[in-house]
There are 2 protein chains.
Amino acid sequence: MIDLRLLEHLCAFADCGTLSGAAQRLHTSQPTLTRSMHRLEELLGVPLFIRGRNALTLNETGRKAAEYAAYVLAAGADFEEKVRAYDRSLHTLSIGYCAPVPQTVITPLINTLFEGMTISADMTDDRLFCEKLLNRTYQLAVLHEPPDDPRIFHAVCGHEDLYISVTPDSPLASRAEIRLRDLDGLSILLLSRIGFWETMHRTGTPHARYLLQTDRASFTEVAAGSTYPVFSSGYYLRRGESIPGRINIPITDPSCHTDYYLACLASEKDRYAPLFSRIDAHTIW
Amino acid sequence: MIDLRLLEHLCAFADCGTLSGAAQRLHTSQPTLTRSMHRLEELLGVPLFIRGRNALTLNETGRKAAEYAAYVLAAGADFEEKVRAYDRSLHTLSIGYCAPVPQTVITPLINTLFEGMTISADMTDDRLFCEKLLNRTYQLAVLHEPPDDPRIFHAVCGHEDLYISVTPDSPLASRAEIRLRDLDGLSILLLSRIGFWETMHRTGTPHARYLLQTDRASFTEVAAGSTYPVFSSGYYLRRGESIPGRINIPITDPSCHTDYYLACLASEKDRYAPLFSRIDAHTIW
DNA sequence: TAACATTACGTTAGCCGTAACGATA
DNA sequence: TATCGTTACGGCTAACGTAATGTTA
């Protein structure tokens, strides 16, 4: 059973070329290093050094030993790292959201169902969500398209419709419904960090000029105090949280109506069963 | 920097399921084990056990940790193993000989040139000698055919001719020369452990009945006291070491005349240069 | 003389085993 | 009551740092 400190000392010496140098680097004394090197040779029963009267050099075996030692040290460090990471992985739940509304709806559910766990939520376009589930970056993900992979389990967890909110004096205000192309070219107020919606907007209205707001407070303030059209979610409108003085017109494009799919690794389905049983596929948020 | 003993203790506990069992296996006391486990948890900052009032069980993290620990321990053991093996490899010279005569000739040379090294000689058919040089089973090899691999350096190091030694009353005694097929079907006395010669004999005289002698002393004794023909090497005949009362007749088959090739890894050519410079390609042993 | 490795020596941190304790089946 | 894990305590090993020694450039 070898003492890893000996290996550390050996590696330091191999790097520095001198015991005093190594001692400095390791914040210890030369005698300690001398002893370690002797102990190492004795333990292995093999000479590792060429000893001059006042110079110490690694011999061929010593160089190989230092090389192997680095590997063992790495394994030891990895051990601590991996164990801590594993423990952390048991106590953290990383979730990828493709849009803000699912986050708003599902986060409280998760908080109550997995109490004591650290929840880490990610908000981004969901193109890579399957990979991120498979490589364990996420334990859960909410996508706007059903994942097509037998290793991934999923269930519909909700639905969202998009509206456009305009001021009464807007030329669009009288319309019963709107298409995305009607908005193309306009200046539109938009929250940033809205997941796949951003990609959808950019492709659906390539010539619109988006005025990005990074936080919801300033977004609502600017929206209330300006005439820029803004996108609104049916989820908020249904809860009465529309912007004061705005008319909300439904958008007819299919891309503005989406189902959401809650997904996890099929192998971890059981762990998240309580969550899946609580989501109601028929609720239109 | 983790103490490998802690990992050993953890693995023992994981195997035994109980601290007392692990303590027995490790020839130590339960308190030591208790302390090790606590220390490990403290060091990692992560719980590894489920503690009942008088029962200790690994939790999920603990099981993973034990798994990793086994790996680290193996790396540590490997370290000692590998370093010792490397040192040994520097001090031992393994040589493959395809025939006894090259061994007789070259061994003393090697002993003087590489004094202090452990010489390990192998005597066998040389079909695999190239591979064995490449995978470092041998550092040197003597083959009876030139190795055809750019990674292997070689030089002709000698030549051997085979004779057949018969008693004067043998029907073959009057012949000036002999072919192998003249011997096929006879009972022939043969030393074992003669490298590729054995294969050669078996194929050259498939119907001969070979009386194998495992050591040279009994071989010469039986040879002198019987009328069985025996193969003799030109090397020994030229040194006057023929069997008393025998007539030595040259064998004309090309397979009974061979050059020998001393070979080593091209990358180690320099290390064995003194040896190569001492072998004289023009000497017919 | 400065830098190096090694040896000597006294100190101490920390680990171990014995023993005692508490809990459980 | 036997087995298990934990805690307490005393002894001792073994590693450390300081200081001294010897050698080299």
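No hydrogens, no waters, no symmetry mates; every other heavy atom, side chains included, goes into these values. Letters A, B, ... are given to chains in the order of the sequence lines, protein chains preceding strands, and every chain is numbered from 1.
Atom CD of A/Q30 is separated from atom P of C/dC4 by 8 Å (rounded to the nearest Å). Between the CG atom of A/L33 and the P atom of C/dT7 there is a distance of 14 Å, given to the nearest Å. Between A/M37 atom CE and D/dA15 atom P the separation is 13 Å, expressed in whole Å. Put simply, CD1 on A/I50 is 14 Å from P on C/dA5, counting in whole angstrom units. At whole-Å resolution of the value, CG in A/L26 and P in D/dC16 are 11 Å apart. Across the protein-nucleic acid pair, B/H38 atom NE2 and C/dC16 atom C1' stand 17 Å apart, rounded to whole Å. Rounding to whole angstrom units, CZ of residue A/R51 and P of C/dC4 are separated by 17 Å. Look at CG on B/L4: it is 14 Å from P on C/dC15, rounded to the nearest Å.
Phosphate contact (OP1/OP2 of C/dC16, side-chain N/O of B/T28, threshold under 4.0 Å): absent. Under 4.0 angstrom from either OP1 or OP2 of D/dA15 there lies at least one side-chain N or O belonging to A/R39. Listed pair A/S29 / D/dC16 fails the phosphate criterion, with no side-chain N or O lying under 4.0 Å from OP1 or OP2. Of the side-chain N and O atoms in B/T34, one or more sit less than 4.0 angstrom from OP1 or OP2 of D/dT6. Residue A/S20 has a polar side-chain atom (N or O) positioned under 4.0 Å from OP1 or OP2 of C/dA5. The side chain of B/T32 places an N or O atom within less than 4.0 Å of a non-bridging phosphate oxygen (OP1 or OP2) of C/dG17.
Side-chain proximity of B/L19 to the nucleotides D/dT24, D/dG5, C/dT6 is greatest for D/dG5. Between C/dT24, C/dT18, D/dA19, one nucleotide has an atom nearer to the side chain of B/P31 than all others, and that is C/dT18. Checking D/dT7, D/dT24, C/dT6 against every side-chain atom of A/N54, the shortest atom distance belongs to D/dT24. Listed nucleotides C/dA5, D/dC16, D/dT23 differ in distance to A/R5; the shortest reach to its side chain belongs to D/dC16.
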Going through the checks in order, is the side chain to side chain donor-acceptor pair (under 3.5 Å) test met by A/T137 and A/N135?
CA-CA 6 Å; A/T137 304; A/N135 72 19; 2.5 Å; yes
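Within the 4.5 Å cutoff, the side chain of B/D87 has no heavy atoms near those of the A/K64 side chain.
If you look at B/Y272 and B/F114, their ring centroids are closer than 6.0 Å.
Under the 30°/60° scheme for interplanar angles, the aromatic rings of B/F79 and A/Y68 are found to stand perpendicular. The aromatic rings of B/F196 and B/H144 lie parallel to each other, with less than 30° between the two planes, well short of the 60° mark.
With hydrogens and angles ignored, no donor-acceptor pair under 3.5 angstrom links the side chain of B/R35 to the base of D/dG5.
Nearer to the 5' terminus of DNA chain D, by closest-nucleotide assignment, is the contact made by B/G17 (compared with the other of B/G17 and A/S36).
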